[in-house]
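Only a predicted model underlies this, so the values are computations on that prediction, with no experimental measurement involved. Naming convention: chains lettered A, B, ... in sequence-line order (proteins, then strands); numbering from 1 in each chain.
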There are 2 protein chains.
Amino acid sequence: MEAKRRSTRIYDVAERAGVSVGTVSHVLNHPARVTPATRERVLQAIEELGFVRNANASTLAAGHSRNVGLVAIDLGNSMFVDIANGAQSAARPAGLDLLLAGSEDDYETQASKVAFFDEARVSGLILAPMQDSAEQIERFRKHRRPVVVVNYDHKDPGICSVIVDNELAGQLAAEHLLSLGRRRLLFVGGDNPAIQPVHFRWLGVERALRRSGVQAQVEMQNTPDLEPGSGIAVAEQILGLPAEERPDGVIAVTDGLAAGVIEGLTAAGVRVPVDIAVMGCDHNTSAWTGRLPLTTVAMQGREVGETAMQLLLEELDQGPDHEHRRVVLEPHLLVRASTVGWNG
Amino acid sequence: MEAKRRSTRIYDVAERAGVSVGTVSHVLNHPARVTPATRERVLQAIEELGFVRNANASTLAAGHSRNVGLVAIDLGNSMFVDIANGAQSAARPAGLDLLLAGSEDDYETQASKVAFFDEARVSGLILAPMQDSAEQIERFRKHRRPVVVVNYDHKDPGICSVIVDNELAGQLAAEHLLSLGRRRLLFVGGDNPAIQPVHFRWLGVERALRRSGVQAQVEMQNTPDLEPGSGIAVAEQILGLPAEERPDGVIAVTDGLAAGVIEGLTAAGVRVPVDIAVMGCDHNTSAWTGRLPLTTVAMQGREVGETAMQLLLEELDQGPDHEHRRVVLEPHLLVRASTVGWNG
DNA sequence: TTGAAAGCGGTACCAT
DNA sequence: ATGGTACCGCTTTCAA
């Protein structure tokens, strides 16, 4: 028969230290309000007993939690890992902890994760969705806890958000190629309006062309997904064209696609970047194995996460009279060998 | 002056449905014990009020949580993402949720994450450490909650663990190359005993050589890290050798390294796999951009996660008389173009 | 089947 | 500076 031994509580500590529970609670939460001497005794009792405070009880009694949740729809994407790391590091100094939930998920699972954090009564939520999630967000906010939307431009001025300027990313990419004298551009990834980054990057490319004042053209090639395999397929299409009809500059909407394009082209003897310059557009660190260093546009995941957490802390701090902000971070161009120079 | 409005509680639901809180709790936790009619009324009240149960209070009162924590030292590594996904999917049917904490971490941060889950009173913990973590584990287990160690062979028979047979992985890799007639092998990654997978894979390679019965040799090349960049450096060293002294088969201890080696070799005109066959050893999905499909040894991250969660559930179920198990999963060879055939 | 009430482990206010 | 003590919101006997 097992004695159902409960774990040591604050009462046990109090008893052992010869003080009241209130005092123990104080040394845990407001050490300054306690005499160094008693504090020492309590600390020692805690140590001897191996006491670990129950965060559930603490959250319940205090009425607020020291955690914030992050729901990202795809943890396999390095952008989200960067965001998580950024948010984490911004949370720590404020005494908060970041909890990640789920991965490999669809919209429904995302909903269940949001609900999960809702039940856990986290202080706030950072959400990196792939589509409009207004309903999920509203449900969560009804409990008067802040939400910051990240990496998705959701248009609701009543919510803080942090995004990277995807249109600018596309523009920077196109301007880079134009500045290198490329005049026949191909945009790989397509204008699937359901995938925001893709859509906006394409708009940026168009804008760059319009503003450039040079005679240049850009075509768009849709792909079924954004993985290397599709890039290889596009490369094969390019190879099917007579040399004079081929693009001289390719902007792939993700680094993964770009990798595939380069793979496909170089395997067939096309020289990158001499014959065709190829660049990516998201600085997906974990997706680049580095045959040819890839020119890309860095999307600042870490900064996104840090900024999001700062907005969250701000809102937590200011309460109801907080003014929601929409922060737009600027991506920046990373020029490497896949568009300039020739190393092979 | 803000009315400090608290969120709707089970009491509110009870009142609205005209029942007692006990009954509401029952429809939440044991729906069968309640008349369909009352259940319906309660459910409706919940709906109308937008009630969301407070998981902290629930955990506190029930004495057990419906979450299990996963601490992985590097979320940027696809192996860990696979493990998380596997664990997640095994947890759901059991009514549990998986919480991930932290990333980009060192040993100390790992400790704080473990402590964090300890405070949260999760039902169990899955830990994917990079080094011996006996002390952290002990602290957690003192609270009588199960821990499963994953992806690290920690030798403690008192704890469940799931690992992939790294020695077998090395052996499979070497046997593959030997079967292709390669006789001058190079193992890239080195025998850093602090990094378990590297160490054991090397042992497996040696074993394969010993057992093969053919005249073959293998050398070992240490690298400062396991990233593509180091692979490129190794490629350059190889290129510095006279052709007849070069290896004809390379086993890189990670796919990232392998990618770098291939990059470096092919850029200099070496034909892979004709001149030199190159393979990786961890099936790091997110790190392969696919110039040349890479032969590798798949390390079954998803299965590791699923198995770990199953062991955890088992221990949760069986309580103190649970017998700890050490599950060793078998990796398997994935033969692709970087070792056989010739596509360019 | 449903209701009443005693906790679960802390927190924080109010006294002392 | 410390102690006493109502809760926090829910679960779970135990009775009715």
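A donor and an acceptor atom, one from each side chain of T59(A) and N56(A), are nowhere located under 3.5 Å apart. Side-chain contact annotation: N85(B) with S89(B), donor-acceptor N/O pair under 3.5 Å absent.
Both A57(B) and S20(B) lie close to DNA chain C; mapped to their nearest nucleotides by heavy-atom distance, the more 5′-ward contact belongs to S20(B). With the nearest nucleotide of DNA chain C identified for both Y11(A) and H26(A), Y11(A) has the one nearer the 5' end. With DNA chain D read from its 5' end, the first of the two nearest nucleotides for A61(A) and R53(B) is the one closest to A61(A).
Atom-to-atom, CG of N54(A) to C1' of dT11(D) comes out at 15 Å; the value is rounded to the nearest Å. Spacing between atom NE2 of H64(A) and atom C1' of dC8(D) amounts to 12 Å, rounded to whole angstrom units.
When heavy atoms are screened at a 4.0 angstrom cut-off, T38(A) is found touching the sugar-phosphate backbone but no base atom. Base contact: G22(B) has a heavy atom under 4.0 Å from a base atom. No contact: V24(B) has no heavy atom under 4.0 Å from any strand. Across all strands shown, N56(B) has no heavy atoms under 4.0 Å from either base or sugar-phosphate atoms. Among the atoms of the strands shown, base atoms are found under 4.0 Å from some heavy atom of S25(B).
Nucleotides of DNA chain C with any atom under 4.0 Å from a heavy atom of chain B span, from 5' to 3', dT1(C) to dG9(C).
Applying the side-chain contact (heavy atoms from CB on, under 4.5 Å) test between L43(A) and each of V13(A), V27(A), T38(A), V24(A) identifies V27(A) as the sole match.
Between dC8(D), dT11(D), dT12(D), one nucleotide has an atom nearer to the side chain of L60(A) than all others, and that is dC8(D).
Classification of D97(B) and K113(A) as a salt-bridged pair holds, one side-chain N sitting under 4.0 Å from a carboxylate O.
Considering only residues two or more places apart in sequence or on other chains, R41(A) meets the side chain to side chain donor-acceptor pair (under 3.5 Å) condition with none of them.
Contact annotation: H30(B) side-chain N/O to dT12(D) OP1/OP2 distance is under 4.0 Å. Contact check, N29(B) against dT11(D): a side-chain N or O comes under 4.0 Å of OP1 or OP2.
Counting heavy-atom neighbours within 6.0 Å of Q44(A) CD, excluding the residue itself, gives a total of 12 or less.
Cation-pi geometry between R145(A) and F140(A) is met: under 6.0 angstrom from the ring centre, within 45 degrees of the axis.
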